[in-house]
Trainee: 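Encoded as structure tokens, here's the structure I'll be asking about.
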Amino acid sequence: MTVEVIPLRKLIRGLIRRVEEVRGKTFDFQNFDDRLIVQKIAYLLSKAGIIRGLNFNYYLRGPYSRELLTLLKNTRAYTDLDENQFTEMRETEIKLDPQKEAAFQKVLTLLRENNWDARWLELFTSGLFFAELEPDPDNPNWRRVTHILAFKKKISEDEAERIVNQIKKYLKEGLFQLSY
């Protein structure tokens, strides 16, 4: 059995298109929240092992990949895409292997359960990122992660703890890995 290797640009475009279908609307890359949501979704898909090859750093609003929008062809309102490229992006079909498809569906469910909320995504992905930075990411100091999340995001310790508990739940279930 041969495994099809999907180029990173095609994979990201196809997955973002599928996310748009489930979300019920396209992402407007002139809208800050939409760009933030795409960044955070790509981070979650990376932590779920679905996307490989994107590097994420931490910025003020959480994990961010400079390469991501470039791979989407700098699509700020698609103005720099010609008609053929736009059509190609919208018609990109991606079929994942069954294990990755199941993980993708779980990520979509998580996003739907949290109403595609940019603030929640920022908090959740930031907490996941902080856990990954722990000296022993296989056994993070969750108390420290909670404190850092509360401090960096200027939220209450209770809210940070709720987010961290969600993160721990999905790590325990195996949806996300800190080592990807």
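For clarity, every value in this text was computed on a predicted model and none was experimentally measured.
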Trainee: Around atom NZ of Lys168, are there more than 12 heavy atoms from other residues, nucleotides or ligands closer than 6.0 Å?
Mentor: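 It does: Lys168 NZ has more than 12 such atoms within range.
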Trainee: Side chains of Leu44 and Leu175: does their closest heavy-atom pair fall under 4.5 Å?
Mentor: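 No, their side chains stay 4.5 Å or more apart.
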Trainee: Name all residues meeting the ring-ring contact (aromatic ring centres under 6.0 Å, His included) criterion together with Tyr170; count only those two or more places apart in sequence or in a different chain, and write none if there are none.
Mentor: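 ring-ring contact (aromatic ring centres under 6.0 Å, His included) list for Tyr170, sorted by chain: empty.
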Trainee: Where do Trp116 and Asp34 land on the side chain to side chain contact (heavy atoms under 4.5 Å, CB included) test, with the steps shown first?
Mentor: CA-CA 10 Å; Trp116 305 93; Asp34 276 4; over 6 Å; no
Trainee: Test: ring pair (Phe, Tyr, Trp, His ring centres under 6.0 Å). Region: residues 35-57. Which pairs qualify, not counting sequence neighbours?
Mentor: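 For residues 35-57, and leaving out neighbouring residues, the ring pair (Phe, Tyr, Trp, His ring centres under 6.0 Å) pairs sorted by first residue read Tyr43-Phe56.
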Trainee: More than 12 non-hydrogen atoms from neighbouring residues, nucleotides or ligands closer than 6.0 Å to CD on Gln99, yes or no?
Mentor: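 Count not over threshold, so no.
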Trainee: Evaluate the side chain to side chain contact (heavy atoms under 4.5 Å, CB included) criterion for residues Leu96 and Leu11: first the C-alpha distance (whole Å), next the side-chain angles of each, then the deciding distance (0.1 Å), finally the verdict.
Mentor: CA-CA 9 Å; Leu96 300 171; Leu11 177 65; 4.0 Å; yes
Trainee: Nearest 0.5 Å, please: how far is CD1 in Ile12 from CD1 in Ile50?
Mentor: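 Separation between the atoms: 12.0 Å.
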Trainee: Give the minimum heavy-atom separation between Ser156 and Ala150, together with the two atoms involved.
Mentor: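 Where Ser156 meets Ala150 most closely, the heavy atoms are O-CB, 4.1 Å.
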Trainee: Do any N or O atoms from the side chain of Asn115 and from the backbone of Asp117 form a donor-acceptor pair under 3.5 angstrom?
Mentor: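 Looks like no, no N/O pair under 3.5 Å.
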Trainee: Residues two or more places apart in sequence or in another chain: which of them pass side chain to side chain donor-acceptor pair (under 3.5 Å) with Arg162?
Mentor: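 Side chain to side chain donor-acceptor pair (under 3.5 Å) check on Arg162 returns nothing, list empty.
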Trainee: Mind checking ring-ring contact (aromatic ring centres under 6.0 Å, His included) for Tyr58 and listing every partner two or more places apart, or none if nothing turns up?
Mentor: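 Tyr58 satisfies ring-ring contact (aromatic ring centres under 6.0 Å, His included) with Phe129, Phe130 once adjacent residues are dropped.
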Trainee: Can you give the donor-acceptor pairs under 3.5 Å from side chains of residues 100-111 to other protein atoms, not counting sequence neighbours?
Mentor:
from   : atom 1 : to     : atom 2 : distance (Å)
Glu101 : OE1    : Arg18  : NH1    : 3.0
Glu101 : OE1    : Arg18  : NH2    : 3.2
Glu101 : OE2    : Arg18  : NH2    : 2.5
Glu101 : OE2    : Gln105 : NE2    : 2.7
Thr109 : OG1    : Gln105 : O      : 3.0
Thr109 : OG1    : Arg112 : NH2    : 3.3

Trainee: Side chains of Gln39 and Pro63: does their closest heavy-atom pair fall under 4.5 Å?
Mentor: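 No; the side chains remain at least 4.5 Å from each other.
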Trainee: Show me the pairs that pass salt bridge (charged side-chain N to carboxylate O under 4.0 Å, His left out) and involve residues 137-150, at least two apart or across chains.
Mentor: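 Listed by first then second residue: Glu134-Arg144.
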Trainee: Among residues at least two apart in sequence or on other chains, which ones pass ring-ring contact (aromatic ring centres under 6.0 Å, His included) with Trp120?
Mentor: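 Expected list: Phe124.
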Trainee: To check you understand the geometry: which heavy-atom pair defines the closest contact between Leu54 and Ala42, and what is its length?
Mentor: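 Scanning both residues, the minimum pair turns out to be CD1-CB, 4.2 Å.
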Trainee: So, for Leu178 and Pro137, which heavy atoms are closest and what is the spacing to 0.1 Å?
Mentor: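 Closest approach of Leu178 to Pro137: CD1-O, 3.0 Å.
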Trainee: Please report the interatomic distance CZ(Phe27) to CZ(Arg17), rounded to the nearest 0.5 Å.
Mentor: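 Rounded to the nearest 0.5 Å, the CZ-CZ separation comes to 12.5 Å.
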Trainee: Taking the side chain as everything from C-beta on, heavy atoms only, tell me whether Val19 gets closer than 4.5 Å to Val38.
Mentor: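 No, every pair of side-chain atoms sits at 4.5 Å or beyond.
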Trainee: Are Leu171 and Leu128 packed together at the side-chain level, in the sense that at least one heavy-atom pair is separated by less than 4.5 angstrom?
Mentor: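 Yes - at least one pair of side-chain heavy atoms lies under 4.5 Å apart.
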Trainee: Please, which pairs that meet ring pair (Phe, Tyr, Trp, His ring centres under 6.0 Å) have at least one residue in residues 137-161, sequence neighbours excluded?
Mentor: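 Found none.
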Trainee: To the nearest 0.5 Å, how far apart are CG in Leu68 and CD1 in Ile16?
Mentor: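 If we round to the nearest 0.5 Å, Leu68:CG and Ile16:CD1 are 6.5 Å apart.
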Trainee: Test question: given the 4.5 Å side-chain rule for I, L, V, M, F, W and Y, name all other residues clustered with Tyr64, or answer none.
Mentor: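 The other cluster members (ILVMFWY side chains, heavy atoms under 4.5 Å, direct or chained) are Tyr59.
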Trainee: Could you work out, with salt bridge (Lys or Arg N to Asp or Glu O under 4.0 Å) as the rule, every residue matching Glu122, not counting sequence neighbours?
Mentor: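 Residues passing salt bridge (Lys or Arg N to Asp or Glu O under 4.0 Å) with Glu122: Arg61, Lys153.
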Trainee: Stepwise, does the side chain to side chain contact (heavy atoms under 4.5 Å, CB included) test hold for Leu123 with Gln166?
Mentor: CA-CA 11 Å; Leu123 295 173; Gln166 278 187 306; over 6 Å; no
Trainee: As an exercise, state the distance from OG of Ser65 to NZ of Lys40, rounded to the nearest 0.5 Å.
Mentor: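 If we round to the nearest 0.5 Å, Ser65:OG and Lys40:NZ are 10.0 Å apart.
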Trainee: After noting the C-alpha distance and the side-chain angles of Val164 and Glu161, does the key distance pass the side chain to side chain contact (heavy atoms under 4.5 Å, CB included) rule?
Mentor: CA-CA 5 Å; Val164 165; Glu161 189 173 345; 5.6 Å; no
Trainee: Can you list the residues that meet the salt bridge (Lys or Arg N to Asp or Glu O under 4.0 Å) rule with Glu67, with sequence neighbours excluded?
Mentor: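 None.
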Trainee: Which value, rounded to the nearest 0.5 Å, describes the distance between Glu157 atom CD and Leu149 atom CG?
Mentor: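 One gets 9.0 Å once the value is rounded to the nearest 0.5 Å.
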Trainee: Give, for atom OG of Ser126 and atom CG of Leu121, the distance between the pair rounded to the nearest 0.5 Å.
Mentor: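 Atom-to-atom, Ser126:OG and Leu121:CG are 10.0 Å apart.
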Trainee: Say whether Val22 and Ile51 are linked into one hydrophobic cluster, either directly or through other cluster members, by side-chain heavy-atom distances under 4.5 angstrom.
Mentor: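 Same hydrophobic cluster.
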